[in-house]
2 protein chains.
Amino acid sequence: MKKKQIKLKDIADALHLSVPTVSRALRDSYEISQETKKAVVELARAMNYKPNLLAVGLRKNKTFKVGVIIPSLWYYYNSAAVTGMEEVLEEHGYSVMICQSKESYNREVIQVRNLIDSRVDGILVSISQSTIKYDHFIDAQEEGIPVIFFDRAPSYEGASKVVIDNKLAAKSAIHHLFKKGRKRIVFIAGPEKLRISKTRYEGYLEAYKEHGLEPDENLIINCNFTKNMGYRATKSFLRKNIDIDGLFAINDRTCIGAVAAVQEAGLKIPQDVAVVGFNDEPTVQYLTPPLTTIRQPAYEIGMEAAKLFLKERNADTGQFTPTKLILETELIVRESS
Amino acid sequence: MKKKQIKLKDIADALHLSVPTVSRALRDSYEISQETKKAVVELARAMNYKPNLLAVGLRKNKTFKVGVIIPSLWYYYNSAAVTGMEEVLEEHGYSVMICQSKESYNREVIQVRNLIDSRVDGILVSISQSTIKYDHFIDAQEEGIPVIFFDRAPSYEGASKVVIDNKLAAKSAIHHLFKKGRKRIVFIAGPEKLRISKTRYEGYLEAYKEHGLEPDENLIINCNFTKNMGYRATKSFLRKNIDIDGLFAINDRTCIGAVAAVQEAGLKIPQDVAVVGFNDEPTVQYLTPPLTTIRQPAYEIGMEAAKLFLKERNADTGQFTPTKLILETELIVRESS
DNA sequence: TATATTTGCGTAATCGATTACGTAAATAGA
DNA sequence: TCTATTTACGTAATCGATTACGCAAATATA
């Protein structure tokens, strides 16, 4: 039943050659005669020889594997980014190891550690909500493994990043709502610690300033990244009977929950409350009403992050300067605003 | 800058011991004295020693990595299944390598090949739409790598599977619609070749038979697994002006597209057309109207598949009998029906 | 006291590939 | 014709760990 994996020795024995000769023949070394190469290559094909990647990796200290750490596969833009990376990396012979941090700093640390021990050639990360220390990434870099941040990047400046301009994106959403005549815009912010959350909040504030209005702190809701939290937080907010006419949520999931809460309260969207989400997840155009939202080029972010890795994989770790790429977002206007 | 990875030899040299002694001490072998063990373990901690997993894997012929192949991360139930697997496998020290076949047979073959070459300890697969040959899986099994199918399993009987009873699930949906007084139920089937598509169709037919009604072949729409295809296929179907009062779609995404088409045609849901989807994706409860659908225990499917792997990883390949697990689905009734 | 056994460790071989180095035979140059 | 250089391999070392085996010293048994 159990067929043995063919190894170089099997080919060598069959052709009365030595193992290194076979190895060199397969890699088309100049030291090997044409006839020998031909014989080896043909037999290797016939026997369906495939190199043991563990042995190759051990010897060459290169595995052609890249680790990707994302908060969760549930997030549409995370999956999209991963898919973009694969697109680029596969072409260069790399395969991708995906890890979910599930927004846990501890898991993230363990995963980075495991990727290092597995000797991946690079690590691409979108950090978890709870990540505040970056030692694990520095460890990886010190082992000579390039680290690239994408989407959620830390303040740490020692590594390249691919991000969007969160402040600008938030501003564009708020200005859009101003244009629709809204002035009292609820902002459903994400988890307070998260950087993108803060930055989008800054955008919110700046937009108010630019428009000559005073922002009202009572309009800010902090909650987690889930529909349910969005629903509950909005529900309890609405009970306070604060006057509102617009709503901007840090992401579409939270927004969906918020919309449900608003509608349950008898308010009409967009007539009473105009709503803008973030991410343009696939289903939001089919909601009632279809959601206005900010499209983030997740797939492209993934591709760019992968390209940065390809650039940095051979860089001399001594004097390399991290790159920071900022990709553009797009406001998709639909009927909710 | 580049700190060297600590290896056994570094510890051995520092303590004037041999490499095997250090190795044994770390694995708590009975052949090593207590004092030596203590010294080794402490120094290993202090130096932050981590074994090179490539070397360990090569020597032990065991990598503690499991390959998972899914059609796409976009599919909610695929991500859910993967998450369930990780839950189980992590506890046993395995990490997971995720590959997306993107519904391509060729990609699937390459990925299986790559997983074999990477010497994973097992492969868990949900096959692609276009997979009709199973030689690549048989190859893996012949190399001694257990293969477990989940969700989408082939007819091939030589491996264990974890699936749902697609026929029964479809029947329950149709009977539910009958109970609501519907008789002319459109079935939006998936790709014709796909097994789950056929099986759900059988369920559709059987339900009709059990209810004493004659199914109408004109009510069947074959199309791909995407919103857009669901939308377009339904749109062109509705142009034929065939009389309908119910709709059952092979999955929620297709269903969302179909619902959009139905609503655009001026038909009311559920009054004119009662609708049932499949999968209970997270957003469908927020559609207008919220979608009735069949919940598939994707997370549990993943967990069970992982458990089967754990059971089979040490089995004697000679006389092992494949297991077939069938998990229960649940009809979630909402306002669309 | 003499032999048997255990304890604790080292040496050598191994996993499957790659690379440094050596060398006989074939060819080239003087 | 004799030396210099290629050509085309083979041998040995290496990557970092694990395992088989051997062996001296310490302890136990007779």
Side-chain angles (χ1 to χ4, degrees), chain A residues 2-41 43-44 47-65 93 116-121 143-144, chain B residues 2-41 43-44 47-65 93 116-121 143-144:
Chain A
K2 183 157 171 178
K3 213 167 45 182
K4 195 184 63 184
Q5 276 281 64
I6 301 298
K7 50 187 178 179
L8 290 184
K9 183 146 197 319
D10 300 320
I11 301 177
D13 288 351
L15 295 175
H16 301 291
L17 290 168
S18 73
V19 170
T21 300
V22 174
S23 170
R24 285 187 271 245
L26 287 174
R27 275 169 305 111
D28 201 24
S29 158
Y30 66 96
E31 313 186 82
I32 306 295
S33 73
Q34 292 307 321
E35 309 100 76
T36 308
K37 276 184 194 169
K38 186 155 171 283
V40 168
V41 169
L43 186 58
M47 297 177 86
N48 193 27
Y49 167 77
K50 301 284 165 157
N52 182 323
L53 297 182
L54 294 177
V56 176
L58 177 60
R59 185 62 234 252
K60 295 221 226 178
N61 204 26
K62 208 156 184 290
T63 53
F64 281 97
K65 301 208 183 307
I116 295 175
D117 296 340
S118 299
R119 299 298 193 278
V120 294
D121 296 339
E143 310 281 11
Chain B
K2 183 158 171 177
K3 215 167 42 182
K4 198 186 60 183
Q5 276 281 64
I6 301 299
K7 50 187 178 179
L8 289 184
K9 182 145 198 322
D10 300 320
I11 301 177
D13 288 351
L15 295 175
H16 302 290
L17 289 169
S18 74
V19 170
T21 299
V22 174
S23 171
R24 285 187 271 246
L26 287 175
R27 275 169 305 110
D28 201 24
S29 159
Y30 67 96
E31 311 185 84
I32 307 296
S33 73
Q34 292 307 319
E35 308 100 77
T36 308
K37 277 185 193 169
K38 186 155 172 280
V40 168
V41 169
L43 186 58
M47 296 177 87
N48 193 26
Y49 167 77
K50 301 284 166 156
N52 182 324
L53 297 182
L54 294 177
V56 176
L58 178 59
R59 185 60 234 250
K60 295 221 226 178
N61 204 26
K62 207 154 186 289
T63 54
F64 281 96
K65 300 208 185 308
I116 295 175
D117 297 340
S118 299
R119 299 299 194 275
V120 294
D121 296 339
E143 310 281 12

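These numbers were taken from a predicted model, which means no experiment stands behind them. The chains referred to below are lettered A, B, ... by the order of the sequence lines, with proteins before strands, and numbering in each begins at 1.
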message = Is it the case that atom NZ in K62(A) sees more than 12 heavy atoms from other parts of the structure closer than 6.0 Å?
response = yes

Outer limits of DNA chain D sitting under 4.0 Å from a non-hydrogen atom of chain A, read 5' to 3', are dA8(D) to dG16(D)

task: Under 4.0 Å between any heavy atoms, over every strand shown, what does L54(A) touch: base, sugar-phosphate, or nothing? Just pick one.
output: nothing

Q) When we call it a touch if two heavy atoms are under 4.0 Å apart, what does S33(A) touch: a base, just sugar-phosphate, or nothing? A)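 Result for S33(A) = sugar-phosphate.
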
Which atom of [X] lies closest to which atom of [Y], heavy atoms considered:
X	Y	value
M47(A)	I6(A)	O-CG1, 3.3 Å
L54(B)	T63(A)	CD1-CG2, 3.6 Å
P51(B)	D117(A)	O-CB, 4.0 Å
E143(A)	I116(A)	CG-CG2, 3.9 Å

Pairwise 5' ranking along DNA chain D for K60(B) and I32(A), keeping only the more 5' one
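Going by which nucleotide is closer to the 5' end, it is I32(A).
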
Terminal axes of the helix from dT1(C)-dA30(D) to dA30(C)-dT1(D) (5 end pairs apiece), angle rounded to 10 degrees, sit apart by 50°

5'-most contact on DNA chain C (nearest-nucleotide basis), H16(B) vs L58(A), goes to H16(B)

Contacting residues from residues 19-27 of chain B, given that a heavy atom lies under 4.0 angstrom of DNA chain D
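Result for residues 19-27 of chain B: V19(B), P20(B), S23(B), R24(B), R27(B), sorted by number.
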
Find the distance between [atom1] ([X]) and [atom2] ([Y]) and round it off to the nearest 0.5 Å.
X	Y	atom1	atom2	answer
R119(B)	N52(A)	CZ	CG	4.0 Å
T21(A)	I11(A)	OG1	CD1	12.0 Å
K60(B)	L58(B)	NZ	CG	12.5 Å
E31(A)	K37(A)	CD	NZ	9.5 Å
D13(B)	K7(B)	CG	NZ	9.0 Å
L15(B)	L43(B)	CG	CG	5.0 Å

Here the distance between atom P of dG8(C) and atom OH of Y30(B), to the nearest Å, is 11 Å

